[in-house]
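To start, the structure under review is shown below, and the notes come after it.
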Protein chains: 2
Amino acid sequence: MNSTKRNKLEAKGWKLGDAQDFLALSDEEMAFIEMKLALSRELKARRLHKHLSQAGFARRINSSQSRVAKMEAGDASVSMDLLIRSLLALGASRKELARFIEQSKRRVA
Amino acid sequence: MNSTKRNKLEAKGWKLGDAQDFLALSDEEMAFIEMKLALSRELKARRLHKHLSQAGFARRINSSQSRVAKMEAGDASVSMDLLIRSLLALGASRKELARFIEQSKRRVA
DNA sequence: TGACTATATGTCATATCTGACATATAGTCT
DNA sequence: AGACTATATGTCAGATATGACATATAGTCA
């Protein structure tokens, strides 16, 4: 991972391990973050596809516009639980969720 | 869902919606719980396969034996985040995680 | 029997997540 | 310009999850 990428993650509030050389990051840590970011991207795509505003969607899932924005921005304060429950609420199937997770190895930018 | 199944879930601390007839449960709610239970089963299977005790595994992931027991028991106090991070720590790949999620539609008992 | 190991279960202080709110930014329309 | 809509971002009180601990249960071995 280059430092640009790292900076982007840290700007979103991610606390990235205590790796000494400041660049290394465990594969597991990275995989987990990438999964969340993938779910976050899919969430936004699905919401837009349904022509829902963040506020409208928030109402549906008893959340708030600001939290939906954070979910879609890949904010570190958002749990996997919330991302998955939100995707399910948008009609995502297990199969689709599985695909998002399997294919999550993507660029962060 | 029959009431036996529901009782088993409620015994583990799951708060199952407010469905009026006490049997109906949203597909999304059910899918989410089943995913967690599937991950929980896989976690136990992988740990045993590696001949690790709950205490030994807990040490590895900076957790505690009791929390590992709860993870494997499908306790409602365990988050998806923790389950997934734990599986990654046991060496599960994205592909495997995806499979567990896709195939999570299984019996609860 | 007792010692040891593994797992289960309940509790709790603290850490983390969440919805809500305020406010900022940006685009569109009249 | 001002009004309106959508999204972003920071903060925070309350809710939920967490590791740690105590303790229970059950199996094995000598």
Side-chain angles (χ1 to χ4, degrees), chain A residues 7-18 29 32-33 35-37 39-41 43-90 109, chain B residues 7-18 29 32-33 35-37 39-41 43-90 109:
Chain A
N7 289 341
K8 282 184 182 159
L9 289 174
E10 291 187 330
K12 290 177 179 176
W14 295 100
K15 274 180 282 185
L16 296 185
D18 50 359
E29 204 173 2
F32 186 67
I33 292 176
M35 278 181 212
K36 279 178 137 187
L37 294 178
L39 294 176
S40 147
R41 282 193 299 274
L43 182 68
K44 179 165 193 172
R46 284 188 87 91
R47 175 183 63 78
L48 291 175
H49 187 72
K50 293 208 168 193
H51 305 293
L52 279 169
S53 67
Q54 290 183 343
F57 176 52
R59 232 170 287 124
R60 270 217 215 183
I61 59 173
N62 297 314
S63 183
S64 60
Q65 179 268 324
S66 57
R67 186 123 307 265
V68 173
K70 286 175 199 357
M71 286 194 232
E72 294 180 355
D75 192 284
S77 81
V78 175
S79 71
M80 199 106 193
D81 293 67
L82 185 58
L83 286 169
I84 291 184
R85 280 191 284 107
S86 299
L87 276 162
L88 288 171
L90 280 176
Chain B
N7 288 341
K8 281 184 183 158
L9 288 174
E10 291 186 331
K12 289 177 179 177
W14 296 98
K15 275 181 280 185
L16 297 185
D18 51 357
E29 202 172 3
F32 186 67
I33 292 176
M35 278 181 212
K36 281 178 135 185
L37 294 177
L39 295 175
S40 149
R41 282 193 299 271
L43 181 69
K44 179 165 193 171
R46 284 188 88 91
R47 175 183 62 79
L48 291 176
H49 188 71
K50 293 207 166 190
H51 305 292
L52 279 169
S53 66
Q54 291 183 343
F57 176 52
R59 232 170 288 124
R60 270 216 213 184
I61 60 172
N62 298 316
S63 184
S64 60
Q65 179 269 325
S66 57
R67 186 123 309 266
V68 172
K70 285 175 197 5
M71 286 195 233
E72 294 181 355
D75 192 283
S77 81
V78 175
S79 71
M80 200 106 192
D81 293 66
L82 185 59
L83 287 169
I84 291 184
R85 280 191 284 108
S86 299
L87 277 162
L88 288 170
L90 280 176

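Every heavy atom of this structure was used, including side-chain atoms; hydrogens, water molecules and symmetry mates were not. A note on names: the letters A, B, ... follow the listed sequences, proteins ahead of strands, and every chain is numbered from 1.
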Relative to the 5' end of DNA chain D, which residue comes earlier, K36(B) or E72(A), by the nucleotide with the nearest heavy atom? E72(A)
State, yes or no, whether a side-chain contact exists between R85(B) and L82(B) at a heavy-atom distance under 4.5 Å. yes
Interatomic spacing from CD1 in I84(A) to CE in M35(B) - rounded to 0.5 Å: 6.0 Å
Using whole Å, report how far CG of L82(A) lies from C1' of dT16(C). 13 Å
How long is the straight-line distance from CZ of R46(A) back to OG of S86(A), given to the nearest 0.5 Å? 12.0 Å
note: I84(A), atom CD1; dC17(C), atom P; distance rounded to Å ~ 15 Å
Just how far is it from atom OG of S64(B) to atom CZ of R59(B), taken to the nearest 0.5 Å? 11.5 Å
Applying a 4.0 Å non-hydrogen cut-off, can you work out what V68(B) is touching in the nucleic acid: base, sugar-phosphate, or nothing? nothing
Euclidean distance, atom CG of residue D81(B) to atom C1' of dG19(D) [Å, nearest integer]: 16 Å
Between R67(B) and I61(B), does a side-chain contact (heavy atoms from CB on, under 4.5 Å) hold up when you go through it step by step? CA-CA 11 Å; R67(B) 186 123 309 266; I61(B) 60 172; over 6 Å; no
Check: protein-nucleotides 9-13 of chain D nitrogen or oxygen pairs below 3.5 Å:
{"unit_1": "dG10(D)", "atom_1": "N7", "unit_2": "K70(A)", "atom_2": "NZ", "d": "3.1"}
{"unit_1": "dG10(D)", "atom_1": "O6", "unit_2": "K70(A)", "atom_2": "NZ", "d": "3.3"}

In numerical order, the residues of residues 47-63 of chain B whose heavy atoms come under 4.0 Å of DNA chain D are N62(B), S63(B)
Under 4.0 Å between a side-chain N/O of S79(A) and OP1 or OP2 of dT18(C), yes or no? yes
What is the distance from CE of M80(A) to C1' of dT18(C), rounded to the nearest Å? 18 Å
Take the protein atom CG of D75(A) and the nucleotide atom P of dT7(D), then report the distance between them rounded to whole Å. 17 Å
Report the distance from atom CE of M71(B) to atom P of dA20(D), rounded to the nearest whole Å. 11 Å
side-chain contact (heavy atoms from CB on, under 4.5 Å) against L48(A), all qualifying residues, sequence neighbours excluded: K44(A)
First locate atom CG of L83(A), then atom CE of M71(A), and finally report the distance between them rounded to the nearest 0.5 Å. 7.0 Å
Whether the side chain of K36(A) engages the backbone of V78(A) through a donor-acceptor N/O pair (distance < 3.5 Å, no angle test) should be reported. yes
If only atom types and distance count, is the side chain of K70(B) paired as donor or acceptor with the main-chain N or O of S77(B) below 3.5 Å? no
